[in-house]
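Worth saying up front: this structure is predicted, and the values here are computed from it rather than measured. Atoms within each ligand, like the ligands themselves, are counted from 1 in listed order.
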Amino acid sequence: MQFQNITLSYGERTILRDITLTIAPGEFVFLIGASGSWKTSFIRSILWAKKLKKWKILDDNWINIALFTPKELLKYRRWLWTIFQDFKLLPRKTVKENVAFAMEVCGYGRDEITRRVPEVLAKVGLLAKKEKFIETLSGGEVQRTCIARALIHDPSIIIGDEPTGNLDRNNANEIMSLLEELHQNGKTIIMATHDEHIVNTMKKRVIAFADGNIISDTWEGTYCL
Ligand SMILES: Nc1ncnc2c1ncn2[C@@H]1O[C@H](COP(=O)(O)OP(=O)(O)OP(=O)(O)O)[C@@H](O)[C@H]1O
Ligand SMILES: [Mg+2]
């Protein structure tokens, strides 16, 4: 996957300047940068194709997501999936209902929902807690529910925007083990984070941005701005 000549501006202010970035299938990449620099904007742009002046993404062929029809955009968003720091789950519904609801909204049939929900809950280790209400879960369990919801489409790429941002160390580590496991199973993981500890212990590719440019791109990198 190659992002080419990404330029992103809000009014006069340029957040990203002609960024070209290649991420190979199956990579695990941390995106780091000062607060308010670019990370969330970049992820939103990938998802929604908004606000970009120039944009290209390479899969097998060049595709310009800004030109996607709604149907193509839907398919594209299932190919990649984003998990956010704020969870966006329905608090008064159970774990199982939240995942099932996401599938209903996406137009899956009853049988497939019945079959698939326990499958994805097992993958994130939440099968035993499937009847629990979201508001009674720990932060880590809530985030695991989000990951379960992300897995319903079996996406090739999982993008996290500070998925551990609201979690304590134990819960954050638990989420990182889960992401590592998904990575071992072939998923591409791209994760924006401020968590120095996570970046330094996991030793993955680290891409740092400042002033609209990539300032470093290191294999087995550390948190260094
Ligand atoms: N819709 C918008 N219109 C104008 N400016 C915006 C808009 N969204 C974000 N910005 C600005 O763009 C800059 C980048 O914001 P963004 O949320 O992408 O940063 P971030 O790196 O994700 O920060 P954090 O680490 O705090 O989450 C900020 O200065 C922000 O104020
Ligand atoms: Mg952000």
Exercise. Just wondering, is there an N, O or S atom on Thr40 that's nearer than 2.8 Å to the Mg ion (ligand 2)?
Worked result: yes
Exercise. Is any side-chain N of the basic residue among Asp217 and Arg205 closer than 4.0 Å to the acidic one's carboxylate O?
Worked result: yes
Exercise. So, Glu72 versus Thr69: side-chain donor-acceptor pair below 3.5 Å or not?
Worked result: yes
Problem set entry | ligand 1 versus Ile15: contacting region, heavy-atom distance under 4.0 Å | side chain
Seminar exercise, completed: Here the atoms of ligand 1 under 4.0 Å from any heavy atom belonging to His194 are 24 (P), 25 (O)
Exercise. Quick one: which of Arg110, Lys93, Arg116 gives a salt bridge (charged side-chain N to carboxylate O under 4.0 Å, His left out) with Glu104?
Worked result: Arg110
Exercise. Any salt bridge between Glu119 and Lys123, counting N to O under 4.0 Å?
Worked result: no
Problem set entry | ligand 1-proximal atoms of Phe42, by part, heavy-atom distance under 4.0 Å | neither
Exercise. At a 4.0 Å threshold, what atoms of ligand 1 neighbour a non-hydrogen atom of Glu162?
Worked result: 24 (P), 25 (O), 27 (O)
For this session: Nearest heavy atom to atom 24 (P) of ligand 1 wins, so pick from Ala192, Ser37, Gly36, Gly33.
Result: Gly36
Exercise. Are Glu180 and Lys204 close enough for a salt bridge, meaning some N to O gap below 4.0 Å?
Worked result: yes
Problem set entry | Atom indices of ligand 1, in the order listed, that fall short of 4.0 Å to a heavy atom of Thr40 | 17 (O), 18 (O), 20 (P), 22 (O), 27 (O)
Problem set entry | Donor-acceptor contact present, side-chain Asn213 to main-chain Ile215, <3.5 Å | no
